[in-house]
Each structure stands twice: as C-alpha cells, then as structure tokens.
Amino acid sequence: MQNRFHSYLSIAHKLIESYKAEMPLAAFLKNYFSQNKKHGSTDRKQISHLCYCYYRIGNAVKTLAFDERIKIAFFLCNSTPKEYAFLFDENCLNNWSKDVDLRIAFIIKYYLSFDEAHIFNLQDLIGIDNKNSFIKSHLTQPDLFIRLRPTFETIVKNKLTKSQIAFKEIDLSCLVLT
C-alpha cells in the first residue's frame with residue numbers, strides 16, 4: 001500500500017518539476033492525465049491533491065527540498081494524515097490537529113525557515129483587511145456546493161448518506177459537502 005503512495009509522491013514531484021505555469025495547473029494536470037491513461041480516478045485525485053498542496057503553501061519554505069516541502073504542504077492542508085502517515089515522524093503525528101492555526105504554529109516551531117507571510121506574496125497589493133484569514137484560506141479546501149435538480153433531491157441525499165458523505169442543506173435545491 002505504501003508503494004502506491006510513494007508512487008503518487010514521485011509522479012507529483014515530476015509534474016511539479018515540469019510545470020512552468022504557462023497554463024493553469026488544472027489544465028496542465030488534465031493534459032498529463034489525458035496523455036497517461038494508466039492513472040485511474042483515485043490515482044488522479046491523489047496526485048492532483050499532492051500538487052495542489054505543494055502550490056498552496058506558496059514560497060513559505062522555498063529553500064527546502066521537495067520531500068520536506070511536500071510533507072509540510074500536506075501537513076498544513078489536511079486535517080488528518082490519512083494514508084500518508086508513514087511519511088511523518090511521531091512528533092508530527094502527535095501534533096496533527098483539525099485546527100489549521102495549531103498546525104501552522106507547529107510548523108513554525110519545527111521548521112525555522114517557514115514564513116507564513118510568504119504563503120501568498122501579493123497580499124499587500126490586493127488590499128485585504130484580515131491578511132491572516134486570507135493566508136489560511138489557501139490551506140483549506142473550499143466547500144463544494146451541489147445544486148439539486150427538481151425531483152432528484154431525495155435521491156441525491158440518500159446516495160450521499162449511503163456513501164457516508166457529510167452534507168448540509170442550504171435550501172431545497174442546494175447542498176454543501178462538509
């Protein structure tokens with residue numbers, strides 16, 4: 001099982017090295033996966049998630065090697081270690097928290113080169129009031145909203161419940177996955 005996740009890390013590393021930001025990352029990944037049909041949906045999801053985590057931390061630890069940088073990125077962008085727990089030492093695993101502020105505080109102590117202000121370097125140019133909240137928003141996957149077509153509300157809710165996917169009802173025609 002670990003070999004598969006090592007493979008995901010290796011592929012993500014190759015993709016990140018070859019990505020030159022000439023197009024949006026989503027389009028770049030789509031092109032890669034369309035040319036490499038060997039990756040199933042789970043593979044694509046895992047590899048894409050690692051790439052997005054890597055870029056979400058911006059230049060906060062630019063001087064570190066890829067292996068350390070991706071570990072920091074995954075730690076900061078995920079509320080649990082999931083299948084990647086084998087990458088982390090006991091200290092990291094014991095300090096993993098659902099609270100992003102606690103994860104950031106741990107990384108700041110553990111990696112002296114980490115600079116939270118460099119997660120998003122252009123914050124001074126966009127005139128935001130709460131810079132800390134804006135920076136932390138880069139480390140969190142945004143909510144996914146689903147618009148329900150008339151007459152399908154019950155079917156969709158039942159399928160989500162059966163699949164153990166948590167959701168909140170916004171109104172009769174809209175759900176948010178939590």
Side-chain angles (χ1 to χ4, degrees), residues 1-17 19 21 24-26 28-29 41-145 160 163-168 175-178:
M1 189 76 149
Q2 275 186 2
N3 287 341
R4 181 176 351 148
F5 295 102
H6 279 291
S7 175
Y8 294 155
L9 285 165
S10 175
I11 293 165
H13 189 188
K14 289 177 192 171
L15 288 169
I16 289 165
E17 281 185 336
Y19 180 60
L25 181 60
F28 177 79
L29 293 172
S41 63
T42 301
D43 301 334
R44 292 190 306 269
K45 181 180 177 182
Q46 292 285 337
I47 294 164
S48 296
H49 180 66
L50 289 168
C51 291
Y52 278 106
C53 286
Y54 182 88
Y55 287 111
R56 279 190 179 116
I57 65 167
N59 293 321
V61 283
K62 194 167 184 140
T63 59
L64 295 180
F66 174 82
D67 292 341
E68 285 301 305
R69 196 173 148 95
I70 195 74
K71 283 172 42 177
I72 292 169
F74 190 86
F75 182 86
L76 291 173
C77 294
N78 292 279
S79 59
T80 62
K82 302 176 187 168
E83 300 90 353
Y84 293 92
F86 68 91
L87 290 174
F88 300 94
D89 62 24
E90 202 64 33
N91 193 20
C92 282
L93 293 173
N94 290 337
N95 284 284
W96 214 297
S97 170
K98 290 192 181 288
D99 183 350
V100 71
D101 289 320
L102 295 175
R103 292 194 311 267
I104 290 171
F106 173 75
I107 291 296
I108 288 171
K109 282 197 307 193
Y110 203 67
Y111 292 94
L112 299 177
S113 64
F114 181 82
D115 186 356
E116 181 182 3
H118 288 109
I119 289 176
F120 186 80
N121 285 336
L122 303 175
Q123 55 189 306
D124 292 332
L125 299 176
I126 59 175
I128 44 178
D129 294 331
N130 192 339
K131 292 179 182 179
N132 287 339
S133 292
F134 180 74
I135 289 170
K136 284 185 262 183
S137 73
H138 285 76
L139 304 176
T140 307
Q141 180 74 27
D143 289 336
L144 175 65
F145 292 84
L160 289 171
S163 300
Q164 298 179 332
I165 298 173
F167 64 89
K168 286 186 217 171
L175 302 176
V176 62
L177 302 186
T178 56

Is there a side-chain contact (heavy atoms from CB on, under 4.5 Å) between Leu29 and Tyr19? Walk through the geometry before answering.
CA-CA 9 Å; Leu29 293 172; Tyr19 180 60; over 6 Å; no
In plain terms, say whether Lys14 and Glu17 are close enough for a salt bridge, that is, a side-chain N and a carboxylate O under 4.0 Å apart.
no
Enter the distance from Cys92:SG to Ile72:CD1 here, rounded to the nearest 0.5 Å.
8.5 Å
Please test Cys53 against Ile57 for side-chain contact (heavy atoms from CB on, under 4.5 Å), starting from the C-alpha separation and ending with a verdict.
CA-CA 7 Å; Cys53 286; Ile57 65 167; over 6 Å; no
How close do Leu102 and Ser97 get, counting heavy atoms only, and between which atoms?
CD1-OG, 3.4 Å
Could I get the full list of side chain to side chain donor-acceptor pair (under 3.5 Å) partners for Lys82, not counting sequence neighbours?
Asn78
Partner set under side chain to side chain contact (heavy atoms under 4.5 Å, CB included) for Ser79, not counting sequence neighbours:
Lys98, Arg103
What's the spacing between Leu64 CG and Tyr111 OH if we round to 0.5 Å?
7.0 Å
I want to check something: taking the side chain as every heavy atom from C-beta on, are Leu25 and Tyr54 in contact at a cut-off of under 4.5 Å?
no
Partner residues of Thr140 under the side chain to side chain contact (heavy atoms under 4.5 Å, CB included) criterion, sequence neighbours left out:
none
Pairwise side-chain contact, Leu9 with Leu87, heavy-atom cut-off 4.5 Å (strictly under):
yes
Let's go through Ile70 and His13 carefully: what are the C-alpha distance in whole Å and the side-chain angles of both, what is the deciding distance for side-chain contact (heavy atoms from CB on, under 4.5 Å) to 0.1 Å, and is it a yes or a no?
CA-CA 9 Å; Ile70 195 74; His13 189 188; over 6 Å; no
Roughly how far apart are Phe66 CZ and Ile16 CD1, rounded to 0.5 Å?
4.5 Å
In terms of ring plane angle, is the pair Trp96 and Phe88 parallel, tilted or perpendicular, where the classes change at 30° and 60°?
perpendicular
Can you tell me how far CZ of Phe114 sits from CZ of Arg69, rounded to the nearest 0.5 angstrom?
10.0 Å
Nearest non-hydrogen partners of Asn95 and Asn91, listed with the distance:
ND2-O, 2.8 Å
What's the spacing between Lys71 NZ and Leu76 CG if we round to 0.5 Å?
13.0 Å
Residue pair Tyr84 / Leu50, side-chain heavy-atom distance below 4.5 Å
yes
Applying side chain to side chain contact (heavy atoms under 4.5 Å, CB included) to Asp143 and not counting sequence neighbours gives Phe145, Val176
Would a 4.5 Å heavy-atom cut-off, applied to side chains only, mark Glu116 and Ile104 as touching?
yes
Quick check for you: to the nearest 0.5 Å, what is the distance between Asp43 atom CG and Ser48 atom OG?
10.0 Å
Test salt bridge (charged side-chain N to carboxylate O under 4.0 Å, His left out) applied to Asp101 - qualifying residues, sequence neighbours left out:
Lys136
Report the relative orientation of the aromatic rings in Phe75 and Phe106; use parallel for angles under 30°, tilted for 30 to 60°, perpendicular for over 60°.
tilted
With Thr42, which residues qualify under side chain to side chain contact (heavy atoms under 4.5 Å, CB included), at least two apart?
Tyr8, Gln46
Going by heavy atoms in the side chains, are Phe28 and Leu15 under 4.5 Å from each other?
yes
